[in-house]
Amino acid sequence: MRVLAVNDLSCVGKCSLTVALPVLSACGATVDILPTALLSTHTGGFEGYTFLGLDDEMRKICDHWETLGLKYDVIYSGYLGSRSQIAFVKEVKNRFLKSGGVFIVDPVLGDNFQFYRGFDEGFAADMGTLCSLADYILPNETEAFLLTGERDLTKALAKLASLCPHPVITGANAPDGYFLYYFDSAARRMPLEKIEGNFHGAGDVFAAAFTGCIGGGLPMRKALALSAKFCLKAIERTAKEVADKKYGMNYERELHILTSAFRKS
Ligand code: PXL
């Protein structure tokens, strides 16, 4: 399985590509990367971070790849640094996804009902158009709201399902508990254990694991359950081991959950 991860390279803070590479590799994927931006740290909680958008370089990289005839079984996109990058990822899908390949979009927009720095409503609207080209989308609760304008989870899921065949709201507080909401042939939800706190990078850990599980041939429900189990173990470890949560998740010693699931495939 050959996967292309389109995401930023945040040098410190364990998110995006620095998470996608090891997690997808643990699922047995060959991972190529298309970096969207180079940052000294991610933007969530660090002051004075550097940011270099790679719009021009992305185009040159893709032009070179075309001469190599590269094609991907799965393309997974995450943090995009500009509206023009959203447009470019649509082109990347057309140029590099195999026929019958899977396109997975994590519409990285915000958390805690706020946009991440640099994003706004216009950016969210463009991200919605990228979601409409995806097979699976992986918004968190905030992103589901920013994409649909709905705080009611059932309504938000229904609106997302009109955009894309398989939306997943990766973790949301309902009156009767904490759930992952998803749509395969019908709207469903899966209970999740909730660990109190804000775990930076958890969405990226989950998205990379889910992408690896789908690429590895698991059906959606099994892919969600295994990714959620891996993510929960990583969150439990992070709660104990990491004092400053902006430095990201200690998921490394839980990668065996994924490697053992894919050992024989
Ligand atoms: O984890 C999402 C993410 C990815 N990339 C960058 C970010 C964030 C969230 O803050 O800042 C650069």
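Atoms considered below: every heavy atom in the structure, side chains included; atoms not considered: hydrogens, waters and symmetry mates. Counting convention: from 1, in listed order, for ligands and their atoms alike.
- Aromatic ring centres of Phe183 and Tyr136 lie farther apart than the 6.0 Å criterion allows.
- Close approach of ligand 1 to Ser10 (heavy-atom distance below 4.0 Å) involves ligand atoms 12 (C).
- In this structure a side-chain-to-backbone donor-acceptor pair under 3.5 Å is present from Asn140 to Thr142.
- Of all protein heavy atoms, the one lying nearest to atom 1 (O) of ligand 1 is Asp204 OD2, 3.0 Å.
- At a 3.5 angstrom cut-off on N or O pairs, His42 does not count as close to ligand 1.
- Every atom of ligand 1 is numbered from 1 in the order shown, and the set under 4.0 Å from a heavy atom of Ser16 is 4 (C), 5 (N).
- Contacts between Leu39 and ligand 1, counted as non-hydrogen atom pairs separated by less than 4.0 Å, involve the side chain only.
- Proximity of His200 to ligand 1, defined as any heavy-atom pair under 4.0 Å, is confined to the side chain (atoms from C-beta onward).
- Note: His200 and Tyr116 have tilted aromatic rings, judged against thresholds of 30 and 60 degrees for the angle between ring planes.
- Other residues, nucleotides and ligands place no more than 12 heavy atoms under 6.0 Å from the CZ atom of Arg253.
- The closest side-chain donor-acceptor pair between Tyr251 and Arg237, if any, does not fall under 3.5 angstrom.
- Listed by number with element, the atoms of ligand 1 under 4.0 Å from a non-hydrogen atom of Asp8 are 4 (C), 5 (N), 6 (C), 12 (C).
- Taking the six-membered ring where the residue is Trp, Phe119 and Phe123 present parallel rings, their angle staying beneath 30° rather than reaching 60°.
- Lys98 places none of its side-chain heavy atoms less than 4.5 Å from the side chain of Tyr72.
- Closest to atom 6 (C) of ligand 1 by heavy atom, among Tyr79, Tyr116, Phe46, is Tyr79.
- Residue Thr43 approaches ligand 1 through these ligand atoms, each under 4.0 Å from one of its heavy atoms: 7 (C), 10 (O), 11 (O).
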